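Quick caveat, the model's predicted, so the values are computed rather than measured. Every chain is numbered from 1, with letters handed out A, B, ... down the list of sequences.
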Amino acid sequence: MPDYEIIERKWQTVWSDRKLNESERDERPKFMIIFAYPGVTGYLHVGHMRGYTYADAVGRYKRMTGYNVLFPVGTHATGNGAISLAARIAAGDENTIDYMIRNGCPPEKLEGELRDPLNVVRFFNDVYQEEYWKRFGFLADWRRFTCTLYPDYSRFMQWQFRKLNDAGLLIQKPYFAPACPSCGPVAVDPSETDLSKGGNAETQEYTLLKFRSGGEILVAATLRPETVYGQVCFWVNPEVEYVKVRNGGETWIVSPQAYDKLSHQMDGLERTGTVKGSDLVGRMCAAPMIHREIPVLPAEFCDPDVGTGMVTSVPSDAPDDWMSILKLKEDSSYAERYGVTKEMIDSVVPVSIISMKGYGEFPAQDIIERMGIIEAGDPRLEEAKKQVYKDGYHTGVMNDICGEFAGLRVEEAKDRMKQAMIDSGEADVFYDLSEEVICRCGRRVVIKKIDDQWFIDYGNEELTQRTSDHCRTMTINPVEYYNNVHAVLKWFRERACVRLGNWLGTKFPFDERWIIEAISDSTLYPVYYLISMYANDGRIAPEQMTEAFFDYAILGKGDPGTVSGECGIEEPLLRRIREDVLYWYPLDLNLGGKEHMTVHFPAFLKNHAAVLPPEMWPRGIMVNWYITGKKSKISKSKGGAQPIPGAAKRFGADGMRLYYAHVASPFADVEWDEDTLMSYSQRLDRIVSFVGDLASCKGPGTEMDAWLVSRMNAHVGTIRSAMEKYDLRQMATVAYFEIFNDFRWYQRRGGGDPGTISDCLRTWIKAMMPVTPHMAEEMWESAGFEGLVSEAQLPEAGERSVPAEYGEDLIREVMSDAQQIIKVTGIEPKRMVLYTSPSWKMKILGKALELQDEGELSIPSLTKACMSDQDIRAHGKAASDTARKTAEDMMRLPAGSMRPMFESDERAHLAAATGFLSGEMNLKAEVFSADDDGKYDPSDKAKMAVPGRPAIYLE
RNA sequence: GCGGGGGUAGCCAAGCCUGGCCAAAGGCGCAGGACUUAGGAUCCUGUCCUCAGCGGUUCGAGGGUUCAAAUCCCUUCUCCCGCACCA
């Protein structure tokens, strides 16, 4: 096994010394490509390299076809990922330390620098560049590297927000967001970046229903406000100590937990006292909407943590309620203990309110019976509830009893009834999480009302339309996304763009208490790569990046002299940056994982359309799917991480690049499988050693040279058209499989002309350069070619030789047919006799082609034409059969595809190959024409010969 | 629920948009052979059924359009993903 790392480092150094990765303006057409920069969340795994590799390979291909390519990279560090990682390191968290060490982090760093979040970001910026991207041979312009936490990047970001504001796209309104009382806003999502528990929770909108009882209001929270007409009683947990809360002129009674949650969402709440649940039981209260007095009954299932800790009871449609009432009626002793009278219990009678498909009067009862639930505490009640809720929502219609809402579908009634009660002061809105969510810091996450939240108004119709129209002109892969992106853009509404709390990120320019959030600061950044270089090398200081500077550099607004005076940047440099922007932008291709389809890409598109002029809007998007890890674990969260440098050492960076490029369509998930990767790695080794042998080949020129040249021309054509669509997989199939096989066939057939080999080998190695650049250089060098293949240009596809290719196809066909016969018969032939088509059949083919050219081909027309020819007619029924079959075949196949059969000299081809066939098949091969009088034909096989398919006799 | 994507030979995976050299690329696996060896080799051949290569039946299932369908249309079964502050 070669030491891949040494070879790879060698070429990386050469490229770097030649500054191949550094891109500057010149006369060539440009091509700018990026991948959506990764978030700095820790070590990446082998799956991530898939998309990045596509980007480098596409960039390299573009270089090879005449483009001046710019491929910049960066990282995204906004948020609290680095903060929490640093905190865990500082706390000495065992899992974290272990994870860091396992991925190659020097232990001493864990004792010191990595306890600071910004150092964590710096550390990983380095890891990503050095251990991943450079390690894989990317020709990225490292001078332009940027990170969302760089001060200069922040200046750019603030400028972008000023432009969004100028465009009228920043708006303010109240917002309810998950937040930790001490850490501020948190992201609730399955990745649990911010959380220690509850990533799957959803924010649910409850309707708070008010039940007047004396001078106080009992408050229940419900997800189903449309069921108020079915309320028959009210549940309170007698064991809970509820609190009294003054809310404006009202006194509310809710659980202490509910009070805590509500206080984050409503202003001016004041706790005034407590009341025991048991003291509430037995009272009557006025139900909202229906204005009927219903009894307050005791229920142990009322959880003070859920909703308000009190529940309104709608037994007709709530399985829980149904069961509880059933139980109460069977055994009233529990209720009576709290002073509930028999009359009260008897007064509780379910009311039918919703008719739904497949259910009777009381859906709750139906589902309970259907599922066979007989006890109040049955955990399946949860499932029953969901089922009734779902069916009710989609198929339910409100009954006549429901007043003005009678006849409405539940879907519609829900909102209208909720609104009606809010308007009449009988209800309010309350947000809660569907399950317990705990912040990284350990505190419980709540839903907090933010009064003056800033949003980017992505819902702006004009902007959406403009963006959508532009997308039709873009190259978007896969085509499914091209078609669907319009729906996504429409769906993508206003988005909260800033957040409070302890976060890494850019300060919001209009109010510095706010930090611009993670998605909003990563949409327009590709254009910043054209400026970052000048900040990185110190030619521009962040303070000099004023609004006027960006206005000029990016938008061309203002006069460079004036701007120079204003910001203090020298005028020539200003002009240079402006020229860079004009040259490189728009972005030609943005490549990102499928998770970007609904969030990043629409934001990326809309921001470009909002801030930049149309000629700077992006030209292409490519989405890649994932490498998943069922067979062997690759995910860092699973603990079985496969560090990227280790994999590269074992399989070779190029072996991995080839694996990514070829293992499947970019638009499908792939299971990480080391055996498969190994076979790609070995294939590459095999090619390298084969190429080494080829280069030293010194044989005579043969007819195979024309064939090989023709095949290479075909392959170059395929590669060029595949790469029009960025189809790396197709390119890799050609470069690593088809061309390889052709060279082998060439040699097997006796080809070995050094001139031909050298010409074709150049093209072959070039074809491999985009995907496996290091090995391509190695082969290029070992073949003695000049310069670097990374700097070479792919030739245009030349002419193909139809006869040469047809002749070889014929020989392979004959061999395959003969093998079939040998297999079926089981004989071990010593002699193979081939008979090419008799001339009269060839003549029929010729007539068929003529008719086809004239557009007159049909079975009768060909038969007629044949029968008027004496030579053909002489063969009687065989002639008409052949004519029919010929016409059928020709009409079935693409026009002209049978022409080579007619034009080539099959007999000569085969005769020239008898030596080869004899040797290959270990027998004596002979060729006759079916017309030959003296042919050896003991089994009368010659009559089967037709153009394109010689008859075969074996003995 | 809303939106999106799949189901192809033992396995992985192309093809489907733009119907026709598609019994369906390529890889893996398996079988036989060559070479000759300690290598996770390489080369050749085969790998739906039948069979001197003709032919037959296949591309989740069922219909339809067409001279012609894995490819277009409809129905159906089944699997997967996203739905918001995670690039």
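Ion pairing between a basic and an acidic side chain is recognised when a charged N comes within 4.0 Å of a carboxylate O; A:R650 and A:E674 show such pairing. Using a cut-off of 4.0 Å between Lys/Arg side-chain N and Asp/Glu carboxylate O, A:E920 and A:R748 are scored as salt-bridged. Between A:D937 and A:K943 there is no salt bridge, since none of the side-chain N atoms of the basic residue sits less than 4.0 Å from a carboxylate O of the acidic one.
One finds a side-chain N or O of A:R686 lying less than 4.0 angstrom from the OP1 or OP2 phosphate oxygen of B:U42. Regarding contacts with the backbone of B:U45, a side-chain N or O of A:R748 is found under 4.0 angstrom from either OP1 or OP2. An OP1 or OP2 oxygen of B:C43 is reached within less than 4.0 angstrom by a side-chain nitrogen or oxygen of A:R744. Side-chain N/O atoms of A:R683 include one lying less than 4.0 angstrom from OP1 or OP2 on B:G27.
Both cation-pi conditions hold for A:R812 and A:W745: the charged atom is under 6.0 angstrom from the six-membered ring centre and inside a 45 degree cone around its axis.
Backbone-only contact: A:H76 has heavy atoms under 4.0 Å from sugar-phosphate atoms and none from a base.
Atom CE of A:M157 is separated from atom P of B:A87 by 13 Å (rounded to the nearest Å). Here the P atom of nucleotide B:A13 and the CG atom of A:D673 are 11 Å apart, to the nearest Å.
We find that the ring of A:W491 and the base of B:A84 stack, their centres lying under 5.5 angstrom apart and their planes tilted less than 30°.
Among the nucleotides B:C28, B:G53, B:G82, the one closest to the side chain of A:S679 is B:C28.
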